[in-house]
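Lettering follows sequence order; numbering is per chain, from 1. Given the structure is predicted, the values throughout are model-derived calculations rather than measurements.
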Number of protein chains: 2
Amino acid sequence: MQADSALARELRHHYLFSALTEAQQLRLLATAVPRRLAAGERLFSRGDSAAQFFLLRSGCVKLYRLSPEGSEKIMRLIRPPQTFAESVLFMDVPCFPVSGEALDAAELIAFDRETFLGILRESFATCRAVMAHMTRRIQAHWDEIETLALENSRYRVVHYLLGLVPRDAQGQLTVTLPARKSVIAAHVAVTPETLSRTLRALSDEGLIEVAGEAVTVRDVERLRRHMH
Amino acid sequence: MQADSALARELRHHYLFSALTEAQQLRLLATAVPRRLAAGERLFSRGDSAAQFFLLRSGCVKLYRLSPEGSEKIMRLIRPPQTFAESVLFMDVPCFPVSGEALDAAELIAFDRETFLGILRESFATCRAVMAHMTRRIQAHWDEIETLALENSRYRVVHYLLGLVPRDAQGQLTVTLPARKSVIAAHVAVTPETLSRTLRALSDEGLIEVAGEAVTVRDVERLRRHMH
DNA sequence: CGGCTGAATTGATGCGCATCAAGGCGCAAC
DNA sequence: GTTGCGCCTTGATGCGCATCAATTCAGCCG
């Protein structure tokens, strides 16, 4: 892959790459492969052997698992400029623990696992960044396990909506759902019917208004209090 | 803390410490603090600021979260010789993301966060071990999220039982539950009543026999097939 | 031995959410 | 315009599991 200054600039601002030297970055890019996906195209399946991890530059990718009966749980929705599947870096027999599929047309970069591992060895700062990032992910998982185990579907939906509003927001504001409603449903682990009914109930109570993919929260504070 | 050759030997066999030099190990032990807990005693609460992580040498510790209504989800049951709360190592404002409490009387060692971070900086092998370990934990979390989202309580109980039998086991064998049944229940996210009924149903079907904390699986293969 | 205490079991009931099924609505094709 | 196709919505029904309540059981101490 040839030098791409726009890409190089993107990498500079990304936690995984920002601590790399110029030379390391070039080494990494030398083995990086750009990739395009059509909407609905699959990138990898759970269990596939893995020699790469990815940076999403545009579009939207879902990481998911299927139950034997065919129902889907979306583990993570990837939006630019996020990396994903970094976990294959450290597995003894590297293979993807989830499936990945484009929701919209997507552009991404595939980085070579071995090259990046070689660079990691030389950069404690990057090691540290990776570990810090994994820690945040573990915390997020704990939050999700907690809400799945202890909270009901209404709570999960409200919690999800609040996750879309900026941390310091207050009063009224409008957020747009990052994907189709059925995708949101598979993400918060309810059926599309239940999601629809829950949003209906919330808007009947005057807490939100729904217009297609645009959800306006009437009063962020009130919705936050409403969680319990 | 003074040199303790039994402890030193334990550390040698632990993934976090096995790659350390003699000198590093001594530095670490110099700031390590032994600690005893009575049954039921709390080690830390969710949100407490954290300057240490722990190695359990004997007894049993539960890591858990409580819902506002008071129900409990056990996130992890710690048994010797496991370390826990390593995640505080990499947090900007280090604080425990779960509560920790001894189930039985327990002995543990508290390691100083900063000391270990200093050692990490010098040991890529240990960095690598930490990252590999975090990866395994993340995978385990995904498995748990999947079963909470997609599987029913019976599946979760069977899955838990199968997790207690050795990977290559077959035929009949007896496992002993690692804790009281109500603790197991809080771990697989069901009520004690449901756990009791599920075990009853499984033994009525001839799949297992339950005698107090001893559960004998009549036929491991059959139970595995039974999952779906 | 009997009585106390906390855990485990069993039963009766109800609610939450999935499931199944039937419209409604937006949007692209022609 | 009309047709067709996804997606979302709304309704009717049923099952799974929590909840509440009552026994039974096991361990412990007097």
Please list every donor-acceptor pair under 3.5 Å in which a side-chain atom of residues 129-140 of chain B meets a protein atom from a residue at least two apart or in another chain.
residue, atom, partner, partner atom, Å
B:His133, ND1, B:Tyr15, OH, 2.8
B:Thr135, OG1, B:Met131, O, 2.9

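- One axis for each end of the helix from C:dC1-D:dG30 to C:dC30-D:dG1, each built from five base pairs, and the angle between them comes to 30° at 10° resolution.
- Within the structure, the side chain to side chain donor-acceptor pair (under 3.5 Å) test picks out the following pairs touching residues 87-104 of chain B (sequence neighbours left out): B:Tyr64-B:Glu101.
- A nucleotide of DNA chain D counts as in contact with chain A when one of its atoms lies under 4.0 Å from a heavy atom; the first and last such, 5' to 3', are D:dC7 to D:dA12.
- Taking the six-membered ring for Trp and thresholds of 30 and 60 degrees, B:His141 and A:Trp142 have ring planes inclined between 30 and 60 degrees apart.
- Screening residues 161-181 of chain B for side chain to side chain donor-acceptor pair (under 3.5 Å) gives B:Arg180-B:Ser182 as the qualifying pairs, with residues at least two apart or on separate chains.
- For residues 206-215 of chain B, every residue pair satisfying the salt bridge (Lys or Arg N to Asp or Glu O under 4.0 Å) rule, not counting sequence neighbours, is listed here: B:Glu209-B:Arg218.
- A donor-acceptor pair is defined here as one N or O able to donate and one able to accept, closer than 3.5 Å; no such pair exists between the side chain of B:His14 and the backbone of B:Glu10.
- Residue B:Arg12 qualifies as enclosed at atom CZ: its count of foreign heavy atoms under 6.0 Å is above 12.
- Using a distance-only test at 3.5 Å, with no hydrogens or angles considered, no donor-acceptor pair links the side chain of A:Thr147 to the main chain of A:Glu151.
- Rounded to whole Å, atom C1' of C:dG6 lies 16 Å from atom CG of B:Leu103.
- For the ring-ring contact (aromatic ring centres under 6.0 Å, His included) condition, no pair includes a residue of residues 188-221 of chain B, sequence neighbours left out.
- Scanning residues 176-190 of chain A for heavy-atom distances under 4.0 Å to DNA chain D yields A:Arg180, A:Lys181, A:Ser182.
- In the model, B:Glu69 has a side-chain atom that pairs as donor or acceptor with a side-chain atom of B:Ser67 under 3.5 Å.
- For the residue pair A:Ser203 / A:Arg200, no side-chain donor-acceptor distance below 3.5 Å is found, with atom types taken as modelled.
- Within residues 193-206 of chain A, the residues having any heavy atom closer than 4.0 Å to DNA chain C are, in order of number, A:Glu193, A:Thr194, A:Arg197.
- Residue pairs meeting the ring-ring contact (aromatic ring centres under 6.0 Å, His included) criterion with at least one member in residues 171-211 of chain B, sequence neighbours excluded, are B:Tyr160-B:His187.
- Remark: the B:Thr83 side chain and the B:Glu86 side chain contain an N/O donor-acceptor pair separated by less than 3.5 Å.
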Subject >> Worked check of ring pair (Phe, Tyr, Trp, His ring centres under 6.0 Å) between B:Phe54 and B:Phe111 >> reply: CA-CA 6 Å; B:Phe54 303 93; B:Phe111 292 101; 8.8 Å; no
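- Among residue pairs with one or both ends in residues 87-108 of chain B, those qualifying as ring-ring contact (aromatic ring centres under 6.0 Å, His included) are B:Phe44-B:Phe96; sequence neighbours excluded.
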Could you run down the sub-3.5 Å N/O contacts of the protein with nucleotides 23-28 of chain C?
none

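- Place A:Arg154 and B:Glu213 on DNA chain C by their nearest nucleotides, and B:Glu213 ends up nearer the 5' end.
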